[in-house]
Amino acid sequence: MHLDLHIIWFILVGMLMTGYALLDGFDLGVGALHLWTRTDQNRRIMLNAIGPVWDGNEVWLVTGGGALFAAFPEVYATVFSGFYEAFMLLLFALIFRAVAIEFRSKRPGEKWHLLWDVSFSVSSILSSFLIGVALGNLAWGIPLSDHKEFMGNFFTLLHPYSILVGILTVALFMMHGAIYIVLKTEGALHEQARGWVKNTMIFFIVMFAMTTLATLLYAPQMSDVIRTHPVLFLVPLLNILFIANIPREISKGRDFRAFLSSCFTVLTLMALFAIDVFPNLVYSNPHPENSLTLYNAASSPETLHMMLIIAALGIPLVLAYTVSIYWIFRGKVKLEETSY
Amino acid sequence: MNVIFLSRLQFGLTICFHYIFPPLSVGLGLLLVLMEGMYLWTKNPLYQKMTQFWVRIFGLTFAIGVASGIVMEFQFGTNWSSYSRYVGDVFGSALAAEGIFAFFLESGFLAILLFGWNKVGPKTHFFSTLMVSLGSMFSAVWIVVANSWMQTPAGFHLVERGGQVRAEITNFWKLFFNPSSMGRLSHVITGCWQAGAWFVLSVSAYYLLKRKHEDFAKASIKITLVLAFISSILQILSGHANAVIVSRYQPAKLAAMEGHYPVNAPANFNLWGWVDGKEERVRGGLALPGFLSFLVSGKFDTPIKGLNAFPPQDRPPVQATFQCYHGMLLIGIALFLFSLWGVILWRKGKLFQSRWLLKLFVLSVLGPQLANQLGWMTAEVGRQPWIVYGLLRTSEGVSPILRSGQVLFSIILFSLVYLLLFVLFIYLLDQKIRKGPESHQETLHRA
């Protein structure tokens, strides 16, 4: 296996999607946990913990979508037209969530706040779940015709495996979000969030074990790549070590290292997913010969080459400002005049 | 109702709603750079107050722009999958470049703009404002380049692969500088500047009429009137340049814009009118004979290809193209005259006494908004029946597996959420304007 343009773009699109999962993952998780704290003050702190960054986090999804369109237009066309209702619901939830974040603080009043608190939380959970369902379907496979079109409907997408991955995603983001809250808060909310970390970790580990078992039992083709390249077994191994490291760091009060561990957990999970589907981008089940792979779904080599130049120019800049923004807004959240 | 009609309706609905906000971001972004630049230069706290107030408004328009824009990025795949397979190589690249070069820049630095007043120094804050403004303009660059490629495709070849034809890039720079991209970009950008400028003029004129925040309002008007005046002139000049480009590359669109039917004859330029499709002429309008020929070629008797030169299945909808174009044109001229009037009164030192003009300024915020929408409608409706001019028909671009019920479902979903967004936008805008430039915190400090 040599490193050709197609594989580079598989990795780059994967990186953008992983960036999205890492970053929007924690703010979706914060949203999922939002209703667990009661006071207005604490809810504001939760919102402001993600305040300066959630917008930028969502850009990873938008850019990932653009990169997918440019590098693998067939996947972009097949998946988004095929997952029509599910995707429209996801967009609806993401927009609604943005509305809730922006508008909660704009007026006093308990009912106004409660309305947007519930909207924020429900739309965060729904978004995470739908993202997981989409990933679950890509892994499990969807029925594709020999014209690369999806043959099914909304309910084809809802089966036990995809729902399992959907719940796993909610659990993962909740854990990730809880650790982020621990990192960004102090006092009573900080102590409460430490409790959330414990509960969400249990939730996540249970879901993780069930998904792994289901994958091994019912989707054995997903382990093919690891079976033929045993060195890749390191990825799930690292993944488990990162998960195990989280409670260790939390108990020692090293919040930042716990959050890093959680980031690496997301990263290794996404890598595991990429290894499992490789070289397919959309696996066709029941007709594997119709699958969209990183070769038959890609743009022309000229475009992949040109886009690589654009990526080489742009991605260092993107990383530079992402890091500086997080650096500027480091530390515990304080409510100020410009806060939500 | 069929899937093509519904998908076009949905695209029209989402893009028209979305396009309320990006022009405001581009225009206000530039004004923020000017205002904060003035603050750094003069250290006059009035400019700081101005920047802080307009940053809050900018934050609001930006947030709604992002929320409504996220649909745009994916809609090509959901409703126009055949189009996406056909153009992914070309069009997808422009969208991806927009994400990498524009969105990250904008959204990243916006955080500092909104929340960073106490976290970074004034120079870093100004730098962030500059980056946000640049980001919003980069975004316009890539989107206009992508859309211009659909109008005047260049730098590609058609390749058949497994029974499926698609466009692939052969020359990136030819694609980027396709025949219409730079002309259209200048027209779009000046339209955005006008949107921002007339918005600020409107709010400031409202304050003056209410005798509130008068120093603030006067200073705001002075900065923005200059921008409104300059950009309204540039708007007309770039509009002319675009008409010449359209005459060369999209003759059917030009013919529809003026309701010009004869196969090859000198063409009139109408100021307004109604296209009579049966008699194939424009009625009830004011026509300048031979003036269209003059505008695009410099001679009054140059023949221009009319709609009858094209088979019926290749003609755009005439009435809609004509009316959108002329609506935009008249508004553009009116805005130029308003800003000219303002500048003349300013020179005479009577700008802030003319309640008539101030009232006109309050209303004129709608002008660029309408003109921007109508201009895009002219461009997009006038391109029909093609989705990529001369290459792919709109009817061939739609997702083949889509059913009308699905599209109806998403139209209802988006109508609901957009209606909600719009009501909240107006409500919050109203609140911010009522509250005015003096923040709550400031009032507390004084007390």
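Below, chain A is the first sequence line, B the second, and so on; all start at residue 1. All heavy atoms count here, side chains included; hydrogens, waters and symmetry mates do not.
Of the two parts of Glu74(A), the backbone and the side chain both hold a non-hydrogen atom closer than 4.5 Å to a non-hydrogen atom of chain B. Proximity to chain B (any heavy atom under 4.5 Å) is shown, for Ala70(A), by both the backbone and the side chain. Contacts of Ile310(A) with chain B are made by both backbone and side-chain atoms, with heavy-atom separations under 4.5 Å. In this structure, chain B has no heavy atom under 4.5 Å from any part of Ile101(A). Contact annotation for Phe76(B): both backbone and side-chain heavy atoms come within less than 4.5 Å of a heavy atom of chain A. Only the side chain of Gln431(B) comes within contact range of chain A, with at least one heavy atom under 4.5 Å from a heavy atom of that chain. With a 4.5 Å cut-off on non-hydrogen atoms, Val407(B) touches chain A through its backbone and its side chain both. No part of Asn57(A) comes within reach of chain B, as not one of its non-hydrogen atoms sits under 4.5 angstrom from that chain. Only the side chain of Val66(B) comes within contact range of chain A, with at least one heavy atom under 4.5 Å from a heavy atom of that chain. For Leu105(B), the parts sitting under 4.5 Å from any heavy atom of chain A are the backbone and the side chain alike. For Ala298(A), the part sitting under 4.5 Å from any heavy atom of chain B is the backbone (N, CA, C, O) and nothing else. Contacts of Leu428(B) with chain A are made by side-chain atoms alone, with heavy-atom separations under 4.5 Å and no backbone atom involved. At a 4.5 Å heavy-atom cutoff, the contact between Glu85(A) and chain B is made by backbone and side-chain atoms alike. No part of Phe154(A) comes within reach of chain B, as not one of its non-hydrogen atoms sits under 4.5 angstrom from that chain.
A 6.0 Å sphere centred on CZ of Arg434(B) holds no more than 12 heavy atoms belonging to other residues, nucleotides or ligands. Within a 6.0 Å sphere centred on NZ of Lys332(A), heavy atoms belonging to other residues, nucleotides or ligands number more than 12.
Classified by interplanar angle (parallel below 30°, tilted 30° to 60°, perpendicular above 60°), the ring pair Phe127(B)/Phe109(B) is perpendicular. Ring planes of Tyr427(B) and Trp112(A): tilted class, angle from 30 to 60°.
Ring centers of Phe103(B) and Trp142(B): at least 6.0 Å apart, outside the cut-off. Note: Phe96(A) and Phe92(A) meet the aromatic proximity criterion, with ring centroids under 6.0 Å apart.
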(Q) I'd like to know whether Arg104(A) forms a salt bridge (Lys or Arg N to Asp or Glu O under 4.0 Å) with Asp40(A), so could you lay out the CA-CA distance, the side-chain angles of the two residues, the decisive distance to 0.1 Å, and finally the verdict. (A) CA-CA 11 Å; Arg104(A) 183 191 188 278; Asp40(A) 184 57; 2.8 Å; yes
Q: Apply salt bridge (Lys or Arg N to Asp or Glu O under 4.0 Å) to Glu149(A) and Arg85(B), showing your working.
A: CA-CA 11 Å; Glu149(A) 300 288 0; Arg85(B) 292 181 208 276; 3.3 Å; yes
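Taking Ser399(B) as the reference, Ser81(A), Ser81(B), Leu402(B) meet the side-chain contact (heavy atoms from CB on, under 4.5 Å) condition, with sequence neighbours excluded. Taking the ring pair (Phe, Tyr, Trp, His ring centres under 6.0 Å) definition, one finds that Phe87(A) meets it with Phe80(A), Phe74(B), sequence neighbours left out.
Pairing each heavy atom of Gly331(A) with each of Lys184(A), the nearest pair is O-NZ, 3.0 Å. Of all heavy-atom pairs between Trp149(B) and Ala167(B), the closest is CH2-CB, 3.9 Å. Scanning both residues, Trp117(B) and Val55(B), for their nearest heavy atoms gives CZ2-CG2, 4.2 Å.
By number of non-hydrogen pairs under 4.5 angstrom with chain A, the leading residue of Ser128(B), Ser84(B), Gly108(B) is Ser84(B). Considering only heavy-atom pairs separated by less than 4.5 Å from chain B, the leading option among Ile315(A), Val53(A), Thr78(A) is Thr78(A). Interface check for chain A: of the options Gln164(B), Glu98(B), Gln75(B), the most heavy-atom pairs under 4.5 Å are formed by Gln164(B). Highest contact tally toward chain B, considering only Phe83(A), Tyr84(A), Phe329(A), is held by Tyr84(A) [criterion: heavy-atom pairs under 4.5 Å]. Contact tally against chain B (heavy-atom pairs below 4.5 Å) for Pro73(A), Ala77(A), Ala67(A): the top residue is Ala77(A). Ranked by heavy-atom pairs under 4.5 Å with chain A, the list Ile169(B), Leu413(B), Val417(B) is led by Leu413(B). With chain A as partner, the option from Ser107(B), Gly99(B), Gly88(B) having the largest number of non-hydrogen pairs under 4.5 angstrom is Gly88(B).
Proximity to chain A at a heavy-atom threshold of 4.5 Å picks out Asp89(B), Phe91(B), Gly92(B), Ser93(B), Leu95(B), Ala96(B), Ala97(B) from residues 89-97 of chain B, in numerical order.
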Could you list the donor-acceptor pairs under 3.5 angstrom formed between side-chain atoms of residues 121-129 of chain A and any protein atom two or more places apart in sequence or on another chain?
residue, atom, partner, partner atom, Å
Ser121(A), OG, Gly31(A), O, 2.9
Ser123(A), OG, Ser119(A), O, 2.6
Ser123(A), OG, Phe120(A), O, 3.2
Ser124(A), OG, Arg97(A), NE, 2.9
Ser124(A), OG, Phe120(A), O, 2.7
Ser127(A), OG, Ser123(A), O, 2.6
Ser128(A), OG, Ser124(A), O, 2.7

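Looking at heavy atoms from C-beta onward, Ser284(A) lies out of side-chain contact with Glu289(A) at the 4.5 angstrom threshold. Side-chain contact between Ser415(B) and Leu419(B): absent, with no pair of heavy atoms (C-beta onward) separated by less than 4.5 Å.
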